[in-house]
Participant: 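Supplied in structure tokens, the structure appears directly below.
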Amino acid sequence: MSERLVRSASHWGAFWVRVKDGRAVGVKPFEKDEHPSPLVQSQVEAVYDKSRIDRPYVRKGFLDHGAASDRTKRGAEPFVPVDWNTAIALVSDELSRVKTTFGNRAIFAGSYGWSSAGRLHHAKSLLARFMNLFGGSTVQVDTYSNAAGSVITPHVLGDSTAISGPGTTFEAIAANTRLVVSFGGMPLKNLQIDSGGTGEHSSITSISALAGRGIEFVNISPLRTDHADELKAEWLPAIPGTDTAIMIGLAHTLIAEGLHDTAFLGRYTVGFDKFRRYLMGEDDGQPKDAAWAARISGIDAETIRKLARRMAAMRTFITTTWSLQRADHGEQPIWMTIVLAAMLGQIGLPGGGFGFGYGSMNRMGQGRSPVASLNRPVGRSPINSYIPVARISDLLLHPGMTIDYNGQRITFPDIKLVYWCGGNPFHHHQDINRLVQAWQRPETVIVHEIFWTPTARHSDIVLPATTTLERNDIASSSDRYMFAMQQAIEPVGEARNDFDIFADLAGRLGFRDEFTEGRTEMEWLRHLYEIVRQQAARHGIERPDFETFWETGYHADPVPKHFDYLSAYRADPDRKALKTPSGRIEIFSEKVASFGYDDCPGHPMWIEPAEWLGSPNADRKLHLVSNQPSLRLHGQLDNGPASRASKVKGREPVLINSQDAAERGIADGDVVRIFNERGACLAGAVVTDAMSRGVLQLQTGAWYDPDEPGQIGTLDRHGNPNVLTLDKGTSKLAQGPISQTTLVEVERWTKPLPDIRAYDQPSVIGG
Ligand SMILES: Nc1nc2c(c(=O)[nH]1)N[C@H]1C(S)=C(S)[C@@H](COP(=O)(O)OP(=O)(O)OC[C@H]3O[C@@H](n4cnc5c(=O)[nH]c(N)nc54)[C@H](O)[C@@H]3O)O[C@H]1N2
Ligand SMILES: Nc1nc2c(c(=O)[nH]1)N[C@H]1C(S)=C(S)[C@@H](COP(=O)(O)OP(=O)(O)OC[C@H]3O[C@@H](n4cnc5c(=O)[nH]c(N)nc54)[C@H](O)[C@@H]3O)O[C@H]1N2
Ligand SMILES: [Mo]
């Protein structure tokens with residue numbers, strides 16, 4: 001049979017699948033994409049990887065003893081294969097039992113995770129829809145990506161669009177900005193990605209287009225490579241976690257030298273006087289000047305002062321990556337970025353002001369279509385039971401405990417059943433050893449997965465899901481494209497679409513018709529497409545009919561090239577007042593102050609993180625940066641060829657500064673053990689000068705590979721940084737994850753190297 005090409009798309013870009021004799025044999029990138037990601041190749045190869053789950057499985061102890069099983073055996077005991085009818089009966093009976101005995105709040109189906117790009121088969125949304133019809137469940141709010149940012153910005157700016165976009169476009173920056181100061185850099189690696197699918201990787205093109213225009217760039221980051229070489233940025237390797245202090249030192253210099261814009265502050269902001277008292281040290285006797293900031297951040301005082309003068313002298317755009325707020329007191333760098341920009345008075349001017357997430361995802365800095373992306377409706381939960389996204393271990397470990405969150409008090413329910421579909425907590429959550437312990441508390445854990453991820457291995461019932469190549473779907477994100485995702489191959493093994501699995505479960509539980517609304521896969525796609533097509537028409541945007549769209553394979557909306565965030569507010573602050581209590585940018589928030597949180601007071605402030613290089617007990621410790629991986633998406637495609645080829649002796653590479661390495665007798669290519677009081681993992685040393693002194697960089701996403709599965713504190717053979725990270729909330733305000741706040745030690749590994757088993761099938765018996 002001859003080869004055919006089928007359209008598809010992913011979080012890392014659109015592509016064609018080459019299909020021969022019913023098998024996906026290769027890829028061809030989307031014809032309009034100037035910077036296709038190597039991940040599309042990985043995706044197609046991973047479809048047939050031996051880590052695929054071929055049929056439903058049940059943990060042996062659970063099959064024998066059900067809810068009375070020994071839960072400490074999760075992750076350690078063999079699995080028994082079962083047929084689909086048995087699996088569906090088992091899952092629906094468990095759901096009914098827990099609902100009847102303990103109520104819906106005892107079911108945790110937050111299921112945080114990225115799933116795949118297609119919106120119809122979006123796994124997490126399907127679970128939400130199913131659970132809402134089943135009577136609801138306890139869920140998660142906010143995201144691991146930017147919890148602190150999206151909780152603090154509504155208090156300061158009235159909404160969270162500064163975090164999610166649309167932001168000032170790269171075109172506006174190219175045309176107007178003279179100085180770009182980037183906290184956390186603008187790493188190109190992250191621009192491969194946009195959730196829901198991306199088209200042209202236009203931000204990579206846009207960033208290249210900023211070169212050679214006489215724009216000055218400053219890269220404040222522990223990693224030199226966080227900024228594109230061609231932009232020739234000045235690199236300020238600050239001590240990780242100290243950016244707020246640097247911003248405050250810059251702010252102090254502006255006041256000390258009379259460079260702040262009092263007219264802007266007076267007309268567009270409230271509360272500057274209170275912040276000024278803090279800045280000048282009027283209450284604590286400590287002026288927060290450049291010398292003070294230098295002692296904290298390691299960037300010398302004169303460099304800070306000069307930078308403040310340059311920022312005041314020319315059109316300046318401040319960017320802060322999301323990573324800065326994935327740290328203890330992560331609300332502060334976000335709030336302080338806004339305050340610093342307000343003091344410069346350029347917010348809303350062409351190419352001036354601030355933005356978040358430039359270099360975090362492809363979407364930021366791109367013109368945005370006014371039409372919302374296509375999404376499957378999930379309905380509403382009949383119960384109101386939720387946790388801040390990253391409080392999962394706390395929830396499972398401490399039923400009945402009450403925590404603060406954004407002015408509210410939340411009491412944890414007693415969770416009996418955990419249901420995960422489209423996410424990987426053993427990838428994303430901090431302090432995996434604590435999670436292993438927490439995970440042993442619920443009676444039942446049900447997971448739908450494509451691959452034997454560590455989360456699938458730590459469950460009781462595993463249902464095998466299809467990949468996007470095995471079903472029809474539509475990719476739709478906040479970039480201007482929509483893509484048809486046409487089924488390329490038949491399901492691998494006995495894998496089924498999550499949609500069909502939930503439809504069968506709903507059938508056994510008596511609400512199939514409500515769940516499916518009587519529509520097939522293609523009928524749903526047509527239906528959802530028609531809804532967004534009509535929305536587009538209301539915005540004066542013409543989109544083709546479904547047949548034409550499906551045939552052509554994609555559609556792109558026209559989007560504005562020049563957009564300046566808050567320009568409308570600047571033009572008319574009364575008629576376009578912000579949705580804050582004052583209608584203005586809140587440098588001091590009465591509301592936040594009224595919560596009385598010691599760890600998030602009424603104005604931005606430097607508050608020492610729980611762990612950092614400046615703390616008295618840092619000793620010989622190093623700061624661990626666990627940032628986003630360049631050759632995969634989180635844990636996704638760690639089993640693909642691009643990620644696997646990057647490993648050092650099979651371990652995840654860890655970047656270490658050459659002097660730090662020499663002091664510890666570590667050479668390039670050595671396997672090392674990274675450890676702290678929470679855990680330990682192996683990794684492969686990459687010795688470099690592009691890394692600050694005192695900092696290690698271990699990207700996220702190596703599949704957790706416990707030496708003794710199920711054992712708390714066991715060595716991770718592979719290099720998952722989350723065995724080391726700290727599981728604490730950013731503050732009582734957002735309770736966001738703080739993966740970047742982590743100190744570790746490192747030593748050369750001299751013992752025999754254990755095998756990597758993360759991509760193997762788990763042990764299976766019977767069936
Ligand atoms: N230390 C540290 N930890 C971090 C971060 C960090 O910077 N440092 N970053 C955090 C951030 S920002 C994020 S967003 C999270 C990401 O954390 P996750 O979103 O949980 O990570 P993914 O690996 O994308 O997990 C998605 C899972 O869904 C599965 N999947 C894909 N498609 C389907 C499908 O159609 N059906 C089913 N059933 N399953 C499917 C994939 O196989 C994969 O295992 O990690 C967080 N964790
Ligand atoms: N290739 C790829 N791209 C991705 C993802 C992926 O998994 N793979 N994930 C996507 C997701 S879900 C998200 S949320 C975004 C996240 O986007 P970000 O949070 O912006 O991404 P990171 O790579 O974690 O961090 C960016 C850089 O910040 C620097 N940094 C870390 N700590 C500090 C600090 O204390 N101070 C300063 N100044 N800099 C610091 C690190 O050197 C790091 O390279 O990325 C998205 N893009
Ligand atoms: Mo994220």
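Just follow the structure's listing: the first ligand is 1, and inside any ligand the first atom is 1.
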Participant: Check I193 against ligand 2 and report side chain, backbone, both or neither, counting heavy atoms closer than 4.0 Å.
Facilitator: side chain
Participant: Could an N or O of ligand 2 be found under 3.5 Å from any N or O of L191, whether backbone or side chain?
Facilitator: no
Participant: Check each atom of ligand 1 against the heavy atoms of A465 and keep those under 4.0 Å away; list them by number with element.
Facilitator: 36 (N), 37 (C), 38 (N)
Participant: Could you list the atoms of ligand 1 found under 4.0 angstrom from a heavy atom of G635?
Facilitator: 23 (O)
Participant: Below 4.0 angstrom from a heavy atom of N722, which ligand 1 atoms are there? Numbered from 1 as shown, please.
Facilitator: 1 (N), 2 (C), 3 (N)
Participant: So which protein heavy atom does atom 36 (N) of ligand 1 come closest to, and at what separation?
Facilitator: D498 OD2, 2.7 Å
Participant: Is a donor on one side and an acceptor on the other found under 3.5 Å between the side chain of W420 and the backbone of P425?
Facilitator: no
Participant: As an exercise, identify every atom of ligand 1 less than 4.0 angstrom from a heavy atom of T453.
Facilitator: 44 (O)
Participant: Taking only heavy atoms of T321 into account, list the atoms of ligand 2 that are under 4.0 Å away from them.
Facilitator: 20 (O), 28 (O)
Participant: Within ligand 2, which atoms have a heavy atom of G241 less than 4.0 Å away?
Facilitator: 34 (C), 35 (O)
Participant: In the protein, what heavy atom is nearest to atom 1 (N) of ligand 2, and what distance, to one decimal place, separates them?
Facilitator: P629 O, 2.8 Å
Participant: Between S643 and R632, which heavy-atom pair has the shortest distance, and what is it?
Facilitator: OG-NH1, 2.9 Å
Participant: For the CZ atom of R644 and the CG atom of D638, what is their distance to the nearest 0.5 Å?
Facilitator: 8.0 Å
Participant: Check for me whether Q740 has a heavy atom closer than 4.0 Å to any atom of ligand 1.
Facilitator: yes
Participant: May I ask you to test the N433-R678 pair for a side-chain heavy-atom distance under 4.5 Å?
Facilitator: no
Participant: Please confirm whether K124 approaches ligand 1 to less than 4.0 Å, judged on its heavy atoms.
Facilitator: no
Participant: For I450, take its heavy atoms, then give the atoms of ligand 1 lying under 4.0 Å from any of them.
Facilitator: 30 (N), 31 (C), 32 (N), 33 (C), 40 (C)
Participant: Parallel, tilted or perpendicular: which fits the ring planes of Y144 and H428, with parallel below 30° and perpendicular above 60°?
Facilitator: tilted
Participant: Which residue owns the protein heavy atom closest to atom 7 (O) of ligand 2, what's the atom, and how far is it?
Facilitator: H634 N, 2.8 Å
Participant: State whether R693 and D660 are salt-bridged, where the test is any N-O pair (Lys NZ or Arg NE/NH1/NH2 against Asp/Glu carboxylate O) under 4.0 Å.
Facilitator: yes
Participant: Quick one: look at R632 and ligand 2, take heavy-atom pairs under 4.0 Å, and tell me if it's side chain, backbone, both or neither.
Facilitator: backbone
Participant: So for Y112, does at least one of its heavy atoms come nearer than 4.0 angstrom to any atom of ligand 1?
Facilitator: yes
